[in-house]
Number of protein chains: 2
Amino acid sequence: MKLTEAKQQFISSWGAFGTHWGINRTMAQIHALLLVSPDPLTQDDIMEELNISRGNTNMNIRELINWGLVDRVLLPGERKEYFTAEKDIWKVVKQIVKERKKRELEPMLQLLDKLEEVEGDKRDKHVKSFVDTVSGIKKLGRQADKTLDTLVKAEESWFISSLMKVFK
Amino acid sequence: MKLTEAKQQFISSWGAFGTHWGINRTMAQIHALLLVSPDPLTQDDIMEELNISRGNTNMNIRELINWGLVDRVLLPGERKEYFTAEKDIWKVVKQIVKERKKRELEPMLQLLDKLEEVEGDKRDKHVKSFVDTVSGIKKLGRQADKTLDTLVKAEESWFISSLMKVFK
DNA sequence: TTGTATTTTCAATAAATTTTGAAAATTCGG
DNA sequence: CCGAATTTTCAAAATTTATTGAAAATACAA
């Protein structure tokens, strides 16, 4: 397979992959393109490679920067902005985990705390079932939260070798 | 907070949560409703509680059954079908991990295997950058695959206590 | 400054996804 | 079987989400 074709397949399936994870297709595709590009690219490079409009490109680059996955690069003597993606996949994973934990897991745990204190007689099976479910989710959620905290701080090599021992 | 309100909040935020994970709102809401219901419900119960159409209800229940998260229950002497959700959250998580691994991670790893064999001179920085990125993702992906395999087989108590030791 | 290159915004449009509801298919007691 | 109850299907409609492109804002060299 030629590089051009391989690159396109990679970008396209990274885009499809993203849609299963709440990330829009274009954002994932731009990320994929930057991941495999040896040098920083401009907005125009990205527009051309992916055949998307200027506005779309701009918004999604901005979003990738918010996620901490892409950085602006200023090349000396160049007027245009260049963009580059973090290439260390372990760092990318940690960054995504960190953001999603903050945006999704933590608010959910806060809500569950409130919901667990629902009024009513625990002998009522409707109340009991609700409280039991909420408690169960909360317990696992808190565990996940702690585990992910540690993962976010971990070095790749340490992480992998530790897991190898536990999950032998 | 009253049970009715708490239930609605739970269902609604579980639905929103789902949309960040590639699951549609209604499917997640039906799942949430069944999770907190002490007894099995019929399609009509679900339609009424969530204010959704029969077709929508039916399709999403079917999808939840495909995911192994909901079971059909036949009550003796009743013509209608009843539905119930697995209440053990650990089992729910394992089931979801198992399905997503099969549907998303494994196909991605297969693709990366192919893409890694791209033609071209490794001294060309474009080729090198592509191969390095793909290899990096593949390596981490394979590790995740193994880890998740073990997780899927694990008991909750074992899982939690092991992780507590590693991530001290 | 001023003029031009570049980036950003956002209302309008397009595309994708979800939902509806009525018709068709199926199930099952009598 | 028959017929009513129940489930399933799916084309059309509604809704949500993504994309465009042109205008406005900004940045910067001269």
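So that the names make sense, note that chain A is the first sequence line, chain B the second, and so on, each numbered from 1.
- Side-chain nitrogen and oxygen atoms of Arg54(A) include none within less than 4.0 Å of the OP1 or OP2 phosphate oxygen of dT6(C).
- Nearest-nucleotide positions on DNA chain C place Phe83(A) closer to the 5' end than the other of Phe83(A) and Arg25(A).
- One finds a salt bridge joining Asp113(A) and Arg142(A) here, because a Lys/Arg side-chain nitrogen approaches an Asp/Glu carboxylate oxygen to under 4.0 Å.
- Between the C1' atom of dT7(C) and the CD1 atom of Ile65(A) lies a distance of 11 Å, rounded to the nearest Å.
- Within the cation-pi definition used here (under 6.0 Å to the ring centroid, within 45° of the axis), Arg103(A) qualifies as a partner of Trp67(A).
- For Arg79(A), whose side chain is taken as the heavy atoms from C-beta onward, the closest listed nucleotide among dT9(C), dT7(D), dA5(C) is dA5(C).
- Distance Glu78(B) CD to dT7(D) P: 11 Å, rounded to the nearest Å.
- Using a 4.0 Å cut-off, some side-chain N or O of Thr26(B) falls inside it from OP1 or OP2 of dT19(C).
- Rounded to a whole Å, the CE atom of Met27(A) is 12 Å from the P atom of dT19(D).
- Residue Asn56(B) places its side chain closer to dT20(C) than to any other of dT7(D), dT20(C), dT19(D).
- In this structure, Met47(B) atom CE and dT7(D) atom C1' are separated by 12 Å, rounded to whole Å.
- Phosphate proximity of dT9(C) to Arg62(A): present, with a side-chain N or O under 4.0 Å from OP1 or OP2.
- Annotation: of the two residues near DNA chain C, Gly55(B) and Glu81(A), the 5′-most nearest-nucleotide partner is Glu81(A).
- For the OP1/OP2 pair of dT8(C) and a distance below 4.0 Å, the side-chain nitrogens and oxygens of Asn58(A) include at least one atom meeting the criterion.
- Computed from coordinates, the Glu63(B) CD to dT18(C) P distance equals 10 Å when rounded to whole Å.
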### Task
Using the side-chain hydrogen bond (donor to acceptor under 3.5 Å, both in side chains) rule, take Thr42(A) and Glu81(A) through it: C-alpha gap first, then chi angles, then the decisive distance, then the call.
CA-CA 6 Å; Thr42(A) 62; Glu81(A) 291 177 327; over 6 Å; no
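- Considering only side-chain atoms of Ser53(A), the nucleotide from dT6(C), dT19(C), dT19(D) that sits closest is dT19(D).
- The nearest whole Å value for the distance from the CE atom in Met59(B) to the C1' atom in dC10(D) is 7 Å.
- The aromatic rings of Phe17(A) and Trp14(A) lie parallel to each other, their planes meeting at an angle below 30°, with 60° marking the opposite boundary.
- When each of Leu74(A) and Asn60(A) is assigned the nucleotide of DNA chain D with its nearest heavy atom, Asn60(A) is the one assigned upstream, toward the 5' end.
- Protein atom CG of Asp44(A) is 13 Å distant from nucleotide atom P of dA5(C), rounded to whole Å.
- Between Met47(B) and Arg54(B) there is a side-chain heavy-atom pair separated by less than 4.5 Å.
- Spacing between atom CD of Gln29(A) and atom C1' of dA18(D) amounts to 12 Å, rounded to whole angstrom units.
- Taking only side-chain atoms of Gln43(B), from C-beta outward, the nucleotide of dT20(D), dT8(D), dT7(C) with the closest atom is dT8(D).
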